[in-house]
Each structure stands twice: as structure tokens, then as C-alpha cells.
Amino acid sequence: MLNVGVIGCGGMGKDHIKRLTNKIQGANVVAVSDVFEEGAKEAAALAGGAKVYTDGKDLINDPDVEAVFIVSPGFAHTDSLLQAIEAGKRVFCEKPLATTAEDCKKIVDAESASGKHLIQLGFMRRYDKGYVQVKEALQSGEYGEPLILHCTHRNPEVGTNYNTPMAVHDTAIHEIDTLHWLVDDEYESAQVIMPKVTKYSHSELKDPQIMLLRTKKGICIDVEVFVNCKFGYDINCEVVCEDGAIKMAEPSYPSIRKNASVSTTIDTDCFVRFEDAYDTEVQNWVDCAEEGIINGPTAWDGYLAAVTADALVKAQESGQIEPIVTAEKPEFYK
Ligand code: ISE
């Protein structure tokens, strides 16, 4: 049994606590922490009475906590990650790794200096069955080399505080991680094209956006990010290859005939759309603890995502093609 301490007891934190407690095999939530004590107490009850902390550092240093699950807001990740590395404890950290590329680099350096692979990052799409099927098809070699990726990332709507850079940091960040993993390549440059703005947006948000990424091997990727599309949470990905085109399967719902039309369901949020992916990634993290390995997205992937996101945000402002320049991948992550 892996004894886990969870830092951050907001909506997502509680969701993960329920998952770890009720669904995942081989894990036990023994401690929770949140700066808001009431939230931590509610979360502790979900875990059947875990210890309550208001300081994440105390949770990390609790000898009963074998592994740490970080679900606090992104700006608080760096401190907790560095403390966990110092304590030599395994970590699952929800995305983002940190809010700046500089902090991500600090974390990567600290983890490599510790000599132990400790951090898995919560980019859950790598565990989604649809993406896994596309990756397996690509790896089969039957369709030749991938040339172009057409993707959409649509949300029905977003809160009024959601602004233009968040289309990169909160939304396209998933494609940034998943797509380079899918085609096993690295990004070279970024560009953003701004179409006419939907009437459902506001002055601080350009919506929709078309984000273009080019990889080092020359693969061109277009991602339509449209966060007020109104009709659903709609994620699509098609890979055009030399000998065929592979389109990711849509979630399976019945096709219903009624009133002279045929309809099917589209999910409305990411928690339903990627529920299985969340379960699989967390189970995988727990299973790998026994062997002491990390086989999901690493801190290095978090650093790459942060550098790519910075280039896309720069491109949103400049309208130009922006280079994506990363540090050399350390031996430790190869
Ligand atoms: C949210 O944080 C997510 O992770 C969702 O997958 C994404 O679709 C949404 O735009 C983000 O705000």
C-alpha cells in the first residue's frame, strides 16, 4: 500500500482524493493539506479521516507520507516540488509543473542533481485510449511518416476571467504535451493566427485562435482553440501520414434517430471526456511506485511545455513565427 499525502484540496484535489480512495488499487490517502483548513478537513473526510495540514511542507516531511500528490494552484508548485525532491519523495504533480520556464528549469536541475526520478506530471491525455490508439497506429509503421496534424480543442464556454494567454497556458498546453509525444518529435517554431472573434467573447479574450507548431522533423500542426464554442467539450486529432490518415476515435455514445434526424452526444467537460485517462494515469503512477520508476510525463516534459507555451504567447502578441529554443536534454531524462 502506497501512503499518499495530497496537497491542495480544491475541486480537482477532492476529485483526486476520491479517485485514490475509491478507485485506485494499492494507494491510501493518509494526509491532506490546504491553506484553507475547512477545505482540508472536508477533503480528509473524503479519505475516511486523513491527517490535516495547512502547510504543504509539514505534509511532505511527515514520515507516514511515502509519496506526495500536488494539486495546489500552479504558482505554488515550485516550492512543494523542491521540498519533495529534498525529502526524496515520489511526486505526482498536476499540470503545470510551474508557471515559468525558469522555475521549471530549477525543478529539472534539482531532480537531476538528486539522482532519482521522482516527479510524474499530470498530462493525462497520454493515457487516453483514443490518443494511445493513434500512437500505436503510427508506431506500426504501416502508414509511413506523419506529415500534418489537424487538431481541435473546443470548450463550451469559459469563465469571464479567462483571457488570451490562457488559451495557451490552460488549454493548448494539453496539445503541446500530447502531440510531440504522439509523433515522437520536438518543436521548432510557433505561430498564432487570430480569426474573427466570436460574439460570445470579451475584450480580453481573442477566441477562437489557430495555433501552428512546426516540429524539428518538419511536421506541421494546426490546433483550433475555441473556448466559447457553445456546443460541447470537443477534442479531435487527425494525423495525415504518407500512406494514410489516422483520425482519433470519438467517445462512444449511441446514435439516436428521432424526429427525422440522427444525433449523438458530445461531452461537456474534460472530467467526463478524460475520466478514464485520469484513472489510468494515477493507477500507473501508483503501480510504478513499487518498482521505483516513473514512466509517465516527467519534469523535463513540464519544462518543454513551458518553453513552448512561452513561444506561443509571444506569437499571439507578435503575429510572427517565433522560435522554440530549449536547453539541451540532460542525460538523466534520456
Ligand atoms: C482546463 O484547465 C483544462 O485542463 C481543460 O482540459 C481545457 O479544455 C480547459 O480549457 C482548461 O481551462
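Counting starts at 1 for both ligands and their atoms, in listed order.
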Closest non-hydrogen protein atom to [atom], residue and atom name please, with distance?
atom: atom 5 (C) of ligand 1; value: Tyr233 OH, 3.7 Å
atom: atom 12 (O) of ligand 1; value: Asp170 CB, 3.7 Å
atom: atom 9 (C) of ligand 1; value: Asn155 OD1, 3.2 Å
atom: atom 3 (C) of ligand 1; value: His174 NE2, 3.7 Å

Would you sort out whether Phe332 and Trp300 count as a ring pair (Phe, Tyr, Trp, His ring centres under 6.0 Å), showing the intermediate values? CA-CA 10 Å; Phe332 182 74; Trp300 179 254; over 10 Å; no
Under 4.0 Å between a side-chain nitrogen and a carboxylate oxygen: does that hold for [X] and [Y]?
X: Glu66; Y: Lys89; answer: no
X: Asp279; Y: Lys23; answer: yes
X: Asp301; Y: Arg126; answer: yes
X: Asp177; Y: Arg125; answer: no

Any heavy atom of Lys95 sitting closer than 4.0 Å to ligand 1? yes
Tell me whether His153 reaches ligand 1 (any heavy atom closer than 4.0 angstrom to a ligand atom). yes
